[in-house]
*Asks:* 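Right, I'll just put the structure down here and ask away after.
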Protein chains: 2
Amino acid sequence: MAKLQKSIDKRNALVKATIDLVNNNGFHATPMSKIAKMANVSPATIYLYFENKQDLVNQTYIQVKAEYTNYTFATYEDTMPVEAGFALIWNRIADFKLKECDNALFLAQCDNTPMIDEESRQEGIKHLQPLLDLWERGRKEGIIKPVSDYVLYAYAINPLSFLMMTEKRGAFQLDKTHLEEAYESAWSSIKACK
Amino acid sequence: MAKLQKSIDKRNALVKATIDLVNNNGFHATPMSKIAKMANVSPATIYLYFENKQDLVNQTYIQVKAEYTNYTFATYEDTMPVEAGFALIWNRIADFKLKECDNALFLAQCDNTPMIDEESRQEGIKHLQPLLDLWERGRKEGIIKPVSDYVLYAYAINPLSFLMMTEKRGAFQLDKTHLEEAYESAWSSIKACK
DNA sequence: AAAAAAAGAATGAACATTCATTTTTTAAAT
DNA sequence: ATTTAAAAAATGAATGTTCATTCTTTTTTT
């Protein structure tokens with residue numbers, strides 16, 4: 001195997017181990033030694049790929065966030081009508097959160113704790129711009145409520161994180177019907193009233 | 001000062017210090033020694049009040065969660081009409097999250113990490129029953145969408161956590177107008193369509 | 001003066017990170 | 001194609017620190 005590919009594999013194994021362990025035990029109970037073991041690597045090797053533990057978790061966050069937004073906007077075109085564009089983006093996000101449950105869970109944990117450096121957090125936010133642009137367009141066309149992006153995000157997108165986490169905890173099963181209800185609620189909460 | 005009151009004060013100081021430090025540094029960077037220092041107490045004294053660190057954080061969670069639900073339902077009567085009851089509860093929750101920001105932030109962190117024992121988490125959930133009963137009534141009366149409690153919670157209540165956290169991070173200022181918009185979105189997302 | 005509460009110092013384990021060697025890879029020379 | 005030596009990557013075993021928890025003594029309360 002090529003050297004470069006091997007390095008990439010090893011780095012990915014470390015990132016994946018970090019996600020798994022932080023998801024299951026929390027950052028406070030995730031020692032480097034366990035990460036190394038899970039990635040089949042010596043603890044010392046981690047330091048060839050990352051500066052230190054904080055850097056490892058920051059970079060993991062940035063990578064996962066990038067995967068998330070890439071997936072989200074992969075098939076989106078900014079020429080789509082507002083409602084169709086929103087439906088597409090919303091469903092891609094829902095998809096990601098259900099299929100890439102571990103990744104989504106990790107992001108939720110990072111976004112709700114001081115675990116990540118402010119700088120990395122900012123880095124992660126950047127890529128959401130297409131959605132904000134869509135909303136701006138929607139407001140201009142009178143299709144979307146004339147309301148702050150934060151409020152729109154809180155009601156249209158963030159609830160998916162809650163539902164994903166609830167499902168992961170085993171409290172209930174998120175099926176196709178639930179998702180349709182959820183989309184309905186999301187759209188209801190942000191569309192301009194007639 | 002009476003002995004009992006002194007004990008209560010000391011316990012409260014420990015709980016408050018835990019909240020402050022976990023909010024600002026995360027669980028992983030909150031040693032017992034710092035908690036003790038902030039509460040003006042010897043590290044050893046913590047162990048007169050709590051079994052160990054995990055017990056301290058579990059009990060803190062349960063106490064804050066109880067304050068949250070007590071505040072939420074303090075003025076609620078289950079004879080109120082559904083929409084009025086929901087408006088009341090929603091506003092109390094919003095109030096709590098804005099005024100008792102530190103408490104709310106702490107809960108959000110606990111609810112999104114494996115920091116709290118499952119048992120304590122369950123304990124914390126119990127007190128939400130009046131809201132679930134209200135929703136059940138609302139569904140029967142055709143006022144609330146016939147949708148799972150989890151979906152209702154995700155859209156009606158959880159977004160407030162996101163908005164509170166966003167404000168705390170300084171990204172935007174949550175004013176009276178935002179709150180009215182937020183209520184409007186919350187209600188839109190759960191009321192049965194006409 | 002006995003009992004309870006609190007304190008500070010001590011203990012031992014866990015951990016992040018580094019160090020000294022070993023293993024693997026690379027690529028130049030045969 | 002093989003060999004070989006230099007470079008790079010990886011390792012397991014230290015290292016030194018930090019931390020949760022306990023122990024012994026002191027202070028406060030009854």
*Asks:* Of all residues at least two apart in sequence or in a different chain, which pass the side chain to side chain donor-acceptor pair (under 3.5 Å) check with A/E184?
*Replies:* A/S188
*Asks:* List in chain and number order the residues that pass side chain to side chain donor-acceptor pair (under 3.5 Å) with A/E118, two or more places apart in sequence or in another chain; answer none if no residue qualifies.
*Replies:* A/Q122
*Asks:* Using atom CG of A/L48 as one end and atom P of C/dT17 as the other, report the distance to the nearest whole Å.
*Replies:*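 So the two atoms are 14 Å apart, to the nearest Å.
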*Asks:* Could you state the CD1-C1' distance from B/I46 to C/dA5, rounded to the nearest angstrom?
*Replies:* 15 Å
*Asks:* In whole angstrom, what separates A/K37's NZ from C/dA16's P?
*Replies:*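 In whole Å, C/dA16 P lies 13 Å from A/K37 NZ.
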*Asks:* Sequence neighbours excluded and cut-off under 3.5 Å, please list the side-chain donor-acceptor pairs for residues 95-102 of chain B, or say none.
*Replies:*
unit_1, atom_1, unit_2, atom_2, d
B/D95, OD2, B/Y71, OH, 3.0
B/D95, OD2, B/K99, NZ, 3.1
B/K97, NZ, B/S161, OG, 2.6
B/E100, OE1, B/N103, ND2, 3.1
B/D102, OD1, B/K168, NZ, 3.4

*Asks:* Protein within reach of the bases, or only the backbone? For nucleotides 15-20 of chain D, mark each nucleotide 5' to 3' as B, S or -, using heavy atoms under 4.0 Å.
*Replies:* ----SS
*Asks:* Grab the CD1-C1' distance between A/I35 and C/dT17 for me, whole Å please.
*Replies:*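 Between C1' of C/dT17 and CD1 of A/I35: 13 Å.
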*Asks:* Under the rule for side chain to side chain donor-acceptor pair (under 3.5 Å), what residues qualify as partners of B/N52, not counting sequence neighbours?
*Replies:*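 Not a single residue meets the side chain to side chain donor-acceptor pair (under 3.5 Å) criterion with B/N52.
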*Asks:* Establish, with yes or no, whether the OP1 or OP2 oxygen of D/dA10 is under 4.0 angstrom from a side-chain nitrogen or oxygen of A/Y49.
*Replies:*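 A/Y49 to D/dA10 OP1/OP2: side-chain N or O found under 4.0 Å.
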*Asks:* Taking only residues two or more places apart in sequence, or in another chain, which ones meet B/T60 in a side chain to side chain contact (heavy atoms under 4.5 Å, CB included)?
*Replies:* B/V15, B/T18, B/I19, B/L56, B/V64, B/F106
*Asks:* Send over the distance from B/N40 CG to C/dG8 P, rounded to a whole Å.
*Replies:*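 From B/N40 CG to C/dG8 P: 11 Å.
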*Asks:* To the nearest 0.5 Å, what is the distance between CG (A/L128) and OH (A/Y153)?
*Replies:*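 Nearest 0.5 Å value for the CG-OH distance: 5.5 Å.
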*Asks:* Rounded to the nearest Å, what distance is computed from the CG atom of residue A/L14 to the C1' atom of nucleotide D/dA9?
*Replies:*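 Answer to the nearest Å: 14 Å.
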*Asks:* Please write out the pairs of protein N or O atoms and N or O atoms of nucleotides 12-14 of chain D separated by less than 3.5 Å, giving the distance to one decimal.
*Replies:*
unit_1, atom_1, unit_2, atom_2, d
D/dG12, N7, A/S42, OG, 3.0

*Asks:* Quick one: B/E51 CD to D/dT22 P, roughly how many Å, whole number?
*Replies:*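 For the pair B/E51 CD and D/dT22 P, the rounded distance is 10 Å.
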*Asks:* Taking side chain to side chain donor-acceptor pair (under 3.5 Å) as the cut-off, I'd like each qualifying pair that reaches into residues 23-48 of chain A, sequence neighbours left out, listed once.
*Replies:*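 Sorted pair list comes back empty.
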*Asks:* Using atom types as modelled and distance alone, determine if a side-chain donor or acceptor of A/D55 lies under 3.5 Å from a backbone N or O of A/E51.
*Replies:* yes
*Asks:* Test: side chain to side chain donor-acceptor pair (under 3.5 Å). Region: residues 124-137 of chain A. Which pairs qualify, not counting sequence neighbours?
*Replies:* A/E123-A/K126, A/Q129-A/D133, A/E136-A/R139
*Asks:* Whole angstrom is fine here: how far is it from CZ in A/R11 over to P in D/dA10?
*Replies:*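 To the nearest whole Å, that distance equals 14 Å.
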